[in-house]
*Asks:* 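Below you'll find the structure I mean.
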2 protein chains.
Amino acid sequence: MTRAKPKTRIQQKNSEAILDAALEVFSQAGFRGATLDQIADRAGLSKPNLLYYFSSKEAIHAELIAGLLKVWLDPLRALDSGGDPVAEILGYVRRKLELSRDFPRESRLFANEVLQGAPRIDGALQGELKPLVDDKAAVIAAWVAEGRLAPVDPYHLIFSIWATTQHYADFDVQVRAVLGPGHDPFAEAGDFLETLYRRMLAI
Amino acid sequence: MTRAKPKTRIQQKNSEAILDAALEVFSQAGFRGATLDQIADRAGLSKPNLLYYFSSKEAIHAELIAGLLKVWLDPLRALDSGGDPVAEILGYVRRKLELSRDFPRESRLFANEVLQGAPRIDGALQGELKPLVDDKAAVIAAWVAEGRLAPVDPYHLIFSIWATTQHYADFDVQVRAVLGPGHDPFAEAGDFLETLYRRMLAI
DNA sequence: AGTTTCCTTGACCTCGGGGTCAAAATTCAT
DNA sequence: ATGAATTTTGACCCCGAGGTCAAGGAAACT
């Protein structure tokens, strides 16, 4: 298990350094590809010292994943059934894209995990993600039924938003290789996606 | 280097078995996560026997990647500047989605690679992918200029097609977890994406 | 059949990586 | 200042994984 809440200043500081380093390494190499030595290095600690703060490699990973899910789902939670349908969905797209821009490591960590069959987060997908998506899909379906949105499958709409926004974090090197220098992928993506979903959803 | 073209029946058979097994394992575990023992097991060979056919783990991976790129880019190559703009792009979407459905392991292999910074295919991205995309982006831009497509950034249009179609292969477990049983993700995705891009691109 | 070439394997080598431990260094409380 | 608690480290253990090698078994050719 992970140790209890950090109490001392040193624990606070080192735990944070470890988690940050681990995020960097895990997101770039995947769970098996990451090594404790790399993480310890990046955190500026010796390996045994690192294991003084976290009992195992799995424990570090688990803590990262746990912290991740909350942040990751917040933008969808914020989708408000009382708001204007198109504006709400465009707002969701914008927030999700900002997340990709500001937290690409978290996005890649998640992608790595799901790509490999989600062995460590399968429970969370069923237990947290699905109910939330069901809830918001119902909201969107209601908007469609009321004629306030163009007809659309709400689940696949949400999938497409995930796909298009996370793409800019997860496939960053590819995007930049194709665009070449002198581009701001996220800024351009913001415009493009707003157009895409506006045309898709407008009545 | 990889050995020359297989000549004998046995070489043919075993090379194929190895590459198929390796595709399975690499796509599910990533390069570092995959082990030669796993691959040998799946291929029904001993590890030394496997290394009789391929000189190293890297060699197997390199051969897979090389074979992948061609298949992966073919649908985009087929985009015909002489055809009807919307139909051409919808056709590209359809072919790309079929690729995700029929070759999900290849999709995940590619995703794993790019996610981890494309260390082994950086050259191919610059040397093969970019020129092709530049070419097709120019075609799309011309269609827009002629007023035969709604105004759109061709590069980000292509990115969004990659993202939305590959999502169903790469994030398969997530898609299925959210949809629950009794769904055919790819069939539904086909309908959804056709609607999405039709509304996006129609004049 | 005999021989050459190809295929397969068991045993082995090495090293990287997760994890342990006891002792040293440091911090903290009084 | 001094003893207790916390933090840090060097040395070590062990296993899994990539890769080698020499020799045994099959095909194939004549």
Side-chain angles (χ1 to χ4, degrees), chain A residues 1-65 109 112-113 116 119-120, chain B residues 1-65 112 116 119-120:
Chain A
M1 299 297 105
T2 67
R3 69 181 42 224
K5 297 290 152 208
K7 334 177 238 236
T8 80
R9 278 291 140 72
I10 291 184
Q11 268 175 37
Q12 179 80 27
K13 177 168 84 50
N14 283 346
S15 293
E16 272 171 27
I18 290 169
L19 288 174
D20 187 78
L23 177 57
E24 189 77 27
V25 176
F26 279 133
S27 70
Q28 207 264 333
F31 182 77
R32 285 222 38 192
T35 76
L36 289 183
D37 293 272
Q38 285 176 298
I39 298 172
D41 243 37
R42 250 203 144 65
L45 299 174
S46 65
K47 185 166 61 172
N49 199 184
L50 178 152
L51 286 162
Y52 171 75
Y53 291 98
F54 290 87
S55 59
S56 70
K57 187 180 179 183
E58 295 245 18
I60 303 176
H61 192 263
E63 185 127 340
L64 280 177
I65 292 285
L109 177 67
N112 258 304
E113 203 53 24
Q116 318 213 340
R120 278 167 267 272
Chain B
M1 298 301 108
T2 68
R3 70 182 40 222
K5 296 287 152 209
K7 336 176 235 237
T8 81
R9 278 290 139 73
I10 292 184
Q11 267 175 37
Q12 180 79 27
K13 179 169 82 58
N14 282 346
S15 291
E16 273 172 25
I18 290 169
L19 287 174
D20 187 77
L23 178 56
E24 188 76 27
V25 176
F26 278 134
S27 71
Q28 207 263 331
F31 182 78
R32 285 221 39 193
T35 77
L36 289 183
D37 293 273
Q38 285 176 297
I39 297 172
D41 241 39
R42 244 189 193 311
L45 300 173
S46 66
K47 185 167 61 174
N49 199 181
L50 179 151
L51 286 163
Y52 172 74
Y53 291 98
F54 290 87
S55 59
S56 69
K57 186 180 179 183
E58 295 245 17
I60 303 176
H61 192 262
E63 185 126 341
L64 281 177
I65 292 284
N112 257 305
Q116 318 211 341
R120 276 167 270 270

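These numbers come from a predicted model, not from an experiment.
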*Asks:* Starting from the 5' end of DNA chain D, give me the residue, B/Ile10 or B/Thr35, whose nearest nucleotide shows up first.
*Replies:* B/Thr35

*Asks:* Please determine if a side-chain N or O atom of A/Gln11 lies less than 4.0 Å away from the OP1 or OP2 oxygen of D/dT6.
*Replies:* no

*Asks:* How many Å lie between CD1 on B/Ile39 and P on D/dG19, as a whole number?
*Replies:* 10 Å

*Asks:* Once the angle between the rings of A/His61 and A/Phe31 is folded into 0 to 90°, is it parallel (under 30°), tilted (30 to 60°) or perpendicular (over 60°)?
*Replies:* perpendicular

*Asks:* Could you check how far NZ of B/Lys57 sits from C1' of D/dG16, rounded to whole Å?
*Replies:* 11 Å

*Asks:* For a quick check of understanding: with a heavy-atom distance under 4.0 Å over all strands, which category does B/Ala34 fall into, base, sugar-phosphate or nothing?
*Replies:* sugar-phosphate

*Asks:* Indicate whether OP1 or OP2 belonging to C/dT8 is found under 4.0 Å from a side-chain N or O atom of B/Tyr52.
*Replies:* no

*Asks:* Looking at A/Lys57 and A/Arg32, what are the two nearest heavy atoms and their distance?
*Replies:* NZ-O, 3.9 Å

*Asks:* Does a side-chain N or O of B/Arg32 approach OP1 or OP2 of C/dG17 to a distance below 4.0 Å, or not?
*Replies:* yes

*Asks:* Just to confirm, is there a sub-4.0 Å distance from OP1 or OP2 of C/dT9 to any side-chain nitrogen or oxygen of B/Asn49?
*Replies:* yes

*Asks:* Figure out the CD/C1' separation between B/Gln12 and C/dC7, and round it to whole Å.
*Replies:* 16 Å

*Asks:* Assess the residue pair A/Leu45 and A/Tyr52 against the criterion (side chain to side chain contact (heavy atoms under 4.5 Å, CB included)); give the C-alpha distance rounded to whole Å, side-chain angles, the decisive distance to 0.1 Å, and a yes or no.
*Replies:* CA-CA 10 Å; A/Leu45 299 174; A/Tyr52 171 75; over 6 Å; no

*Asks:* Given D/dT8, is OP1 or OP2 found less than 4.0 Å from the side-chain N or O atoms of A/Asn14?
*Replies:* yes

